[in-house]
Every structure is written in C-alpha cells, then in structure tokens.
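Throughout, protein chains are lettered first and strands after them, A, B, ... in sequence-line order, and every chain is numbered starting at 1.
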There are 2 protein chains.
Amino acid sequence: MNLRERKKRRTRDALLRAALELFATRGYEETTVDDIAAAVDVSQRTFFRYFAGKEETAFFVPRLAETLVVEALRTRPPGEVPLEALRRAVLESWDAINEAVEELVPIELHLRVYRVIESTPALLAAHLRRSAELEEQLACIIAEREGLDVNADPRPRIVVALFGGVIRVTERLWSAGDDISIDGMRELTTTYLDQVGPALAGNWHAEPSP
Amino acid sequence: MNLRERKKRRTRDALLRAALELFATRGYEETTVDDIAAAVDVSQRTFFRYFAGKEETAFFVPRLAETLVVEALRTRPPGEVPLEALRRAVLESWDAINEAVEELVPIELHLRVYRVIESTPALLAAHLRRSAELEEQLACIIAEREGLDVNADPRPRIVVALFGGVIRVTERLWSAGDDISIDGMRELTTTYLDQVGPALAGNWHAEPSP
DNA sequence: GAGGCTAATGACAGCCACTGACAATTGACA
DNA sequence: TGTCAATTGTCAGTGGCTGTCATTAGCCTC
C-alpha cells in the first residue's frame, strides 16, 4: 500500500470517527460538516470528497454489516427452508460483523450512533430505505435458492418483509436496552422469530406469549 | 367560513396542486420551492408558512389516506382476529379515501406523484418512515383490541409489520401497473394477503403459487 | 535527485432548502 | 371609519452540497 493510499485511508477513518463521535455526543442535526472537517483539520470540500454526504458517515458501519449478512445468506445450504436460511444467516454472521466493525470504530460508539439514528427523523428515514433495499436483495437470493421469479411469485418478498419487520423490532429493543453483547442480541432475535407462528395463528387469548 | 379563511385555504390548495403538478411532470429534485411559489405567485416565505417543507406537499394526500385507515381499524368489531381486522379496515376504507382525495386533487395526479415518491430516494425514505409511524399506531390499536401491552407482547407489532410489508409490496405493484381502479387494488391486496400463510409454510415446491 | 506527471487538497463562488426579524398590507370587527 | 390582528413580502443569514481552478504533495522516470 502506497504512502498516498495509507494517507487517504487515515484521513477517511479520522473523518468517520470524528463524525460518529460528534453525532453520539452532540447529536446529528447539531453537528455541521464544518465541525467534522475542522475536527480533522481538513477543508469542508475534502470531507465531501470522501463521503457523498453527512448521512453517509452515519451509515458506514451498518453498510458493512449488511454486506456480511448478504454474503452469509448466499452460502446457506439449499436444504434449508427460506425463513430458516434467513434466521441462520443473520445469527451466524454476527461474529464476523462484530470483528469487522471493531476494526473501524469501537462497538460501543456504534451503539451510541445507532441510538442517534433511531431518534433522528432524517436518519431513521434513511435507515428504513436502506433496509428496504437490503430486503430486496435478500428476496432475490431467496427466490434464486427456490428457483422462482421474484417478480412473478410474491412469496419471496413476503417472507423477507416479515423477517425484516421482526429484525427491525429487535434492533430497536437492542438499542433501547443496555445489553450490548452479541449473545443477548442473538437470544432476543430467536425469541422474536419464534413468535411469528403464534402471532399469525389468531386466537391470542388461548395461549398468551411467554 | 371567513373571507380570510377561504383565501388561506385557496392559497394552500393552489400551492399543493402546483407542487404536485410540478413534481409529476418535472420531477421532485428538479422543482425548487421558488418554482412552486412562483406558480402561485406568492413569496417563497409564504410557501413555508403553509408547509413545513417541500416534502410535506408530496405527502399531503397520503396523510389523508392514513388517517382514514386508522379510523377504520378503530371501528372494527372486536370479534375479528387481528390480521382480519387489518385487512378489512384497509379494504373497506378505500372508497372513503378515494372520495376525500378527489376533493383535493385528481386521483390520476396522485398516482403520478406516487410514482415519483417511489422513484425518488429522499421521498421513498420519508415514505417508509411515515409507514413505520403508521404501523406503530396500528400496533397500538391491535394491542388494545386484544387487551395486551404493546411493549410487553411482541405479537401486535409482528402482525402489523407483516401486514405492512404486504401492503407496501402491493402499493408498488399498483403504482407500477396501469390499473388505477379501486377494485383492481382491492383484488391485488386480497390476493397477496392470502399468500401469507403459504409463504410461511416452507415447502414452496410442493404447492406453487397460483 | 531534478523534473514532469497526476492525484489530493484548499479556496472561492454559487445553488437550494429553510429560518428569523421586521415592515407593509389586508381582512375583521367595533 | 378607524383600530387591531392576521397574513404576507423582503431581506439577511445558515447549512448541505457542487463546480471550478489554482496549489500542493506523492510518484515515477531519466
């Protein structure tokens, strides 16, 4: 790796960390791009040469995680039923995610930024759009696994929509609680996914949720 | 109603229609607030006194529709199972929606704007966030119907997430196709909702989708 | 290791969404 | 009709973001 390349990487990482730190402490709307650039001592123009917008810094880490989940689903054995493949892909990619993220920023900082994302309307909107795009990708992979046409058969998108909905609920609970651990997250997710069947059954009063 | 009030309403409606017309023809990003204000011959500042932002004009009609759906769900008989109540609330409020919208802008214009929403990243993001908020409301109503605590029992949010996912898929199909009719939309929705059970069953190869 | 090449940066000007402040106008009501 | 309050226009300013151009800094060759 060049001196030039190394320098670029260092600048990008510095900008990223400065941005996330500022978002987490001061809030997203309250930090200007000038603040971020000033914290790294580069011009505002340079910031925009590394990131397409202020938003992109906030979603740099989540993007990493998504990439890994998609990869995990791609390598799931074909024997698994769709919902099961999705569940395992997510549960089993968390270790890799944790590792990759920690190389960039402390997980704890990422948690704090995630809370900011959930509580900032503009960021929440962007987050949901990104999730929708991810779901589209997953639906395509599922369809391929089952030898179906995503646009002709509604079922791939439906399972993924359901799955995505459950994941989003657990993500929110994770960020709201104070258990950062992977195991805690894993447990939460399995619990919720196990509720899907009963939730659709209908007669909720007969068998109250545990 | 006052002369003053009538005048205000007229200005607001004019701004709304001008904005939607411009969005539909020229595109969202390509029309500036100045354009909209100029089309109605008021100052830019006045536009911002009627709408909190450019976005708000694009979602004025959808907001109307959401209000009616929430109301419809609230008045569903308690005997219905959650998913059924949701389905009927949506299907049976479309007539009211159609009527209310047409009083404001032509449905056909709304369709064109909806396509713009789906294809403009910033608007799509906002749309998804609004949908999430709506789902939260619906989950609360469902929980109340069933005498549950939304935060303690995951099932209300899960059914609503599933339902919302299906609705979003049908909305996209509706806007992509060329059948604007209510009946077409109704049929599409029922078809997709009927797929939910089979989609979760798992063995998709045994019983291919109709 | 001097010089040329190219990539990275900074400085500047400008667009657009949006806001605050103040003055001018216009409907309401006695 | 005159007074009061609501509505509007004007102006100035902030923040995100982009294009342009000159300057700097690493790279590569002779």
Side-chain angles (χ1 to χ4, degrees), chain A residues 1-16 18-20 22-23 25-60 113 116-117 120-127 129-130, chain B residues 1-16 18-20 22-23 25-60 113 116-117 120-127 129-130:
Chain A
M1 230 220 237
N2 264 345
L3 201 193
R4 204 177 251 173
E5 302 266 318
R6 265 179 287 141
K7 216 170 174 181
K8 269 173 58 177
R9 171 65 58 98
R10 228 182 307 133
T11 308
R12 195 205 60 183
D13 288 358
L15 281 170
L16 183 61
L20 298 187
L22 284 168
F23 294 164
T25 57
R26 196 187 304 180
Y28 180 75
E29 315 268 19
E30 288 72 26
T31 94
T32 69
V33 174
D34 286 305
D35 291 335
I36 303 170
V40 184
D41 204 52
V42 295
S43 72
Q44 190 218 47
R45 198 64 185 83
T46 294
F47 172 90
F48 284 109
R49 287 200 178 96
Y50 282 95
F51 300 97
K54 198 167 79 160
E55 232 179 57
E56 203 179 284
T57 59
F59 291 109
F60 201 89
V113 172
V116 173
I117 291 177
T120 307
L123 288 182
L124 179 56
H127 177 54
R129 184 177 54 101
R130 296 174 50 77
Chain B
M1 228 214 232
N2 265 346
L3 200 192
R4 202 173 253 173
E5 300 267 318
R6 265 177 289 141
K7 214 169 175 181
K8 268 173 58 176
R9 171 66 57 97
R10 229 181 306 135
T11 308
R12 194 205 61 183
D13 288 358
L15 280 170
L16 183 60
L20 298 187
L22 283 168
F23 294 164
T25 57
R26 194 188 303 180
Y28 180 75
E29 315 268 20
E30 288 73 26
T31 95
T32 70
V33 173
D34 285 304
D35 291 335
I36 303 169
V40 184
D41 204 51
V42 296
S43 73
Q44 190 219 46
R45 196 64 183 84
T46 294
F47 172 90
F48 283 110
R49 287 199 177 99
Y50 282 95
F51 301 97
K54 198 168 75 157
E55 234 180 56
E56 203 179 284
T57 58
F59 292 109
F60 200 89
V113 171
V116 173
I117 290 177
T120 307
L123 289 182
L124 179 55
H127 176 55
R129 185 177 56 98
R130 295 173 51 76

Rounded distance (Å) that lies between atom [atom2] of [N] and atom [atom1] of [X]:
X       : N      : atom1 : atom2 : result
A:Glu55 : D:dG15 : CD    : P     : 18 Å
A:Gln44 : C:dC15 : CD    : P     : 16 Å
B:Phe48 : C:dT19 : CZ    : P     : 7 Å
A:Glu30 : D:dT14 : CD    : C1'   : 14 Å
B:Glu5  : D:dT7  : CD    : C1'   : 12 Å
A:Phe47 : C:dG10 : CZ    : C1'   : 16 Å
B:Asp35 : C:dC16 : CG    : C1'   : 11 Å
B:Asp34 : D:dG9  : CG    : P     : 13 Å

query: On DNA chain C, nearest-nucleotide positions of B:Glu29 versus A:Ser43: which is more 5'?
result: A:Ser43
- prompt: Quick one: on DNA chain C, does B:Phe51 or B:Leu3 contact a more 5' nucleotide (nearest heavy atom)?
  reply: B:Phe51
When you compare the side chain of [Y] with that of [X], does any pair of heavy atoms fall below 4.5 Å?
X       : Y       : answer
A:Lys54 : A:Phe23 : yes
B:Lys8  : B:Thr11 : no
A:Leu16 : A:Tyr50 : no

Counting heavy atoms from C-beta on, name the nucleotide in [options] closest to the side chain of [X].
X       : options               : answer
A:Arg4  : C:dG10, C:dA8, C:dT19 : C:dA8
A:Arg49 : D:dT20, D:dG9, C:dA17 : D:dT20
A:Asn2  : C:dG27, C:dT9, D:dC27 : D:dC27

Any [X] side-chain nitrogen or oxygen under 4.0 Å from OP1 or OP2 of [N]:
X       : N      : result
B:Lys7  : D:dT7  : no
B:Tyr50 : D:dT7  : no
A:Lys54 : D:dG15 : no

- prompt: Any idea how A:Phe51 and A:Phe60 line up, ring-wise: parallel (<30°), tilted (30 to 60°), or perpendicular (>60°)?
  reply: perpendicular
message: Using a distance-only criterion (donor-acceptor N/O pair, under 3.5 Å, no hydrogens), is the base of D:dG26 paired with the side chain of A:Arg6?
response: no
- prompt: Going from CZ on A:Arg6 to CZ on A:Arg9, what distance comes out if it is rounded to the nearest 0.5 angstrom?
  reply: 12.0 Å
query: Want to settle it: does A:Arg45 or A:Thr32 sit nearer the 5' end of DNA chain D, counting the closest nucleotide to each?
result: A:Thr32
